[in-house]
Amino acid sequence: MKAQIVVGLGFGDEGKGITTDFLCSQNENSLVVRFSGGQQCGHNVCLGETNHVHSNFGSGTLRGVPSFFSEHCTFYPVTMFNELKVLERKNVYPWLYLHPLTKLTTPYDVIANRILERTKNHGSCGLGIGTTMKRDEFGYKLYAVDLTNFSTLMLKVNEIGKYYENQLEFTEKDKEWLEEELENFFTFIPLLQYRLNDYSFLQSFENIIFEGSQGIMLDQNHGIFPNVTFANTTSKNAIEICDKLRIKKREIFYVTRCYLTRHGVGWMPNEEKIELVNTDAEINVFNEHQKDFRIGEIDYDLLNYALKVDAIYSGNSDKNLVVTCLDQRESFEFEHWKIGKVFKDIYESRSPYSEKITKLS
């Protein structure tokens, strides 16, 4: 077995989806494993005449590569079912596997997320990731395995509703949305097509492609607080799964656009005006939760910092740099991009085992 781990170096939106799709095209008998985040992902992949934004499925789906959600992820049956229907209309029929301890998001988590966002303006996408994780810490736990008993599932969801009602004030509009969404939630669950499997299932595949979410600069331990995510967005979770399965051959693909991006509020080192072309396929646009999609010139020191952070977890993995969106900057000359500067400190400290750099546009 071998593992290929896709990690974003910035604040997300770097091109992890197209990188995952590329790796799927190069490796037969692969499985895409989501190892952080959840239904908030927006990984856009174009394959021939078909394009799809992957949120609840891995970015190898258009190629028929199955997806596995690890215990470090959340999933939301409503958005999962809706995306399933979109894929079926494109004649794509995905294979989905869930770890029994994958965290289950409820409509209560989603509306709580949106209520908090209205007051705190954290920069969340409003899909209940953080509230699901936080609720889990207080003992109100709900997992994929709970889908196997509908009566206890309904009981637990009802208790989660009480948990939020004691903390938040719901408007009439919130209550109307909840009523409709709860009906969808319980209606769609029996219609989902998935299987529960633990990590031993991964041993059925020769190649495991770990698809990350967001970027290292949003990591809950290493990102620029307070606007961080409730997830380990470094290679940490993927490396731990590799250790459990004793996968020794590991390769990490660090992804960045050739410019800086951030969707949501929070610090970024610059927001200089830069001219972009060929942006017709850009899916990051203004929305009511994250507001504007922000861009600026790339910050080499910040990239270097992100690489140093991930070196804490990555060990002797082979390390590759993936630079995306080169076609969006007419004035950008790759040879002027000081690749040595970005990797200078990493070169000086890492072992000779990890020396390869791959440049993909």
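By convention here, the first residue in the shown sequence is residue 1. Since this is a predicted model, take the numbers as computed values, not measurements.
- Looking at K141, its side chain does come within 3.5 Å of a backbone N or O of D136 through a donor-acceptor pair.
- Side-chain contact check for T131 and N113: no donor-acceptor pair (N or O, by modelled atom type) lies under 3.5 Å.
- Summarising the geometry of L23 relative to F253, their closest heavy-atom pair is CD2-CZ, 3.6 Å, with the distance given to 0.1 Å.
- Taking CG of D198 as the reference point, atom CG of L98 lies at 12.5 Å (rounded to 0.5 Å).
- Cluster membership check: V255 does not share its hydrophobic cluster with Y313, using side-chain heavy-atom separations under 4.5 Å among Ile, Leu, Val, Met, Phe, Trp and Tyr.
- When the options T79, T132, N56, T105 are evaluated for a side-chain hydrogen bond (donor to acceptor under 3.5 Å, both in side chains) with Q39, the one that passes is T105.
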Would you check, one step at a time, whether the test salt bridge (Lys or Arg N to Asp or Glu O under 4.0 Å) holds for E117 with R114? CA-CA 5 Å; E117 189 64 20; R114 295 178 182 182; over 6 Å; no
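- Within a 6.0 Å sphere centred on CD of E179, heavy atoms belonging to other residues, nucleotides or ligands number 12 at most.
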With side-chain contact (heavy atoms from CB on, under 4.5 Å) as the test, would you mind laying out the steps for M80 and L96 before giving the verdict? CA-CA 10 Å; M80 183 173 285; L96 175 66; 3.3 Å; yes
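- Between V65 and S30, the closest heavy-atom pair is CG1-O, 3.4 Å.
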Checking salt bridge (Lys or Arg N to Asp or Glu O under 4.0 Å) for the pair D13/R294: CA distance, chi angles, key distance, verdict? CA-CA 11 Å; D13 308 306; R294 302 151 62 194; over 6 Å; no
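- With contacts defined as side-chain heavy-atom distances shorter than 4.5 Å, the pair S59/V32 does not qualify.
- Using modelled atom types, one finds a donor on one side chain and an acceptor on the other under 3.5 Å when comparing S36 with S213.
- Under the 4.0 Å criterion applied to side-chain N and carboxylate O atoms, E165 and K162 are not assigned as salt-bridge partners.
- Following chains of ILVMFWY side-chain contacts shorter than 4.5 Å, one can reach F57 starting from V45, so the two form part of one hydrophobic cluster.
- Evaluated for a ring-ring contact (aromatic ring centres under 6.0 Å, His included) with H99, the options F75, F69, Y199, Y194 yield exactly one hit, Y199.
- Heavy-atom contacts from other residues, nucleotides or ligands closer than 6.0 Å to CZ of F225 number 12 or fewer.
- Closest approach of C258 to V323, counting heavy atoms only: CB-CG1, 4.0 Å.
- Separation of atoms OG1 (T256) and CG (L302) is listed at 9.0 Å; rounding is to 0.5 Å.
- Around CD of E183, the count of heavy atoms belonging to other residues, nucleotides or ligands within 6.0 Å does not exceed 12.
- Of the residues listed (Q328, R329, E272), the one engaging Y259 in a side-chain hydrogen bond (donor to acceptor under 3.5 Å, both in side chains) is Q328, and it is the only one.
- A donor-acceptor contact closer than 3.5 angstrom links the side chains of T229 and Q214.
- Under the 4.5 Å side-chain contact rule for hydrophobic residues, M154 and L104 share a cluster.
- A 4.5 Å side-chain heavy-atom check between C41 and R34 finds at least one atom pair inside the cut-off.
- Using a 4.0 Å cut-off between charged side-chain N and carboxylate O, K85 and E88 make a salt bridge.
- Electrostatic pairing of E176 and K173 does not count as a salt bridge here, judged by no charged N lying under 4.0 Å from a carboxylate O.
- Other residues, nucleotides and ligands place no more than 12 heavy atoms under 6.0 Å from the CD atom of E169.
- A heavy-atom distance below 4.5 Å is found between the side chains of S314 and Y254.
- Ion pairing of K273 with E275 is present here, as a side-chain N (NZ or NE/NH1/NH2) and a carboxylate O approach within less than 4.0 Å.
- Looking at heavy atoms from C-beta onward, R262 lies in side-chain contact with L218 at the 4.5 angstrom threshold.
- In this structure, R118 pairs ionically with D174, as a charged nitrogen and a carboxylate oxygen lie closer than 4.0 Å.
- A donor-acceptor contact closer than 3.5 angstrom links the side chains of D109 and T106.
- Rounding to the nearest 0.5 Å places CG of L116 at 5.5 Å from CG of L168.
- One hydrophobic cluster holds both Y300 and L307 under the rule that ILVMFWY side chains link at heavy-atom gaps under 4.5 Å.
- Looking at residues two or more places apart in sequence or on another chain, you find a ring pair (Phe, Tyr, Trp, His ring centres under 6.0 Å) between F188 and F81.
- Between T324 and I18, some side-chain heavy-atom pair lies under the 4.5 Å cut-off.
- I115 CD1 to T171 OG1: the interatomic distance, rounded to the nearest 0.5 Å, is 6.5 Å.
- Put simply, the side chain of F170 reaches to within 4.5 Å of the side chain of Y164, judged on heavy atoms.
- Under a 4.0 Å N-O distance rule, the pair K236/E240 qualifies as a salt bridge.
- Closest non-hydrogen pair, M268 versus G296, comes out as CE-N, 4.4 Å.
- A salt bridge does not link K308 to D301: none of the charged nitrogens lies less than 4.0 Å from a carboxylate oxygen.
- Applying the 6.0 Å contact sphere to CD of E180 captures no more than 12 heavy atoms from other residues, nucleotides or ligands.
- Of the charged side-chain nitrogens involved, at least one lies within less than 4.0 Å of a carboxylate oxygen, so that K134 and E137 count as a salt-bridged pair.
- The minimum heavy-atom distance between H52 and N44, with the atom names listed, is O-OD1, 3.3 Å.
- Across every non-hydrogen atom of V145 and L196, the tightest pair is CA-CD1, 3.9 Å.
- By the criterion of side-chain heavy atoms lying less than 4.5 angstrom apart, applied directly or through intervening Ile, Leu, Val, Met, Phe, Trp or Tyr residues, V78 is grouped together with L191 in one hydrophobic cluster.
- From N270, atom CG reaches atom CD1 of I295 across 10.5 Å, with rounding to the nearest 0.5 Å.
- Side-chain atoms of K103 do not come within 3.5 Å of backbone N or O of I129 as any donor-acceptor pair.
- Between Y163 and F138, the two ring planes are tilted [angle within 30° to 60°].
- Relative orientation of the Y97 and W95 rings is parallel, given thresholds of 30° and 60° on the angle between their planes.
- The existence of a salt bridge linking E251 and K249 is excluded, since no basic side-chain nitrogen approaches an acidic carboxylate oxygen closer than 4.0 Å.
- A salt bridge links E71 with K244: the distance from a Lys NZ or Arg NE/NH1/NH2 to an Asp or Glu carboxylate oxygen falls below 4.0 Å.
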With side-chain contact (heavy atoms from CB on, under 4.5 Å) as the criterion, how do E211 and F35 come out once you've worked through the C-alpha distance, each side chain's angles and the decisive distance to 0.1 Å? CA-CA 7 Å; E211 180 178 7; F35 65 93; 5.6 Å; no
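- A donor-acceptor contact shorter than 3.5 Å is absent between the side chain of D21 and the backbone of G60.
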T20/H43 under side-chain contact (heavy atoms from CB on, under 4.5 Å): CA gap, chis, key distance, verdict: CA-CA 9 Å; T20 299; H43 293 177; 5.8 Å; no
side-chain contact (heavy atoms from CB on, under 4.5 Å) between R250 and F210: does it pass, once the steps are laid out? CA-CA 10 Å; R250 309 166 184 181; F210 290 91; over 6 Å; no
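- Between F22 and T19 the shortest side-chain heavy-atom distance does not fall below 4.5 Å.
- Between T234 and I312, the closest side-chain pair of non-hydrogen atoms is not below 4.5 Å.
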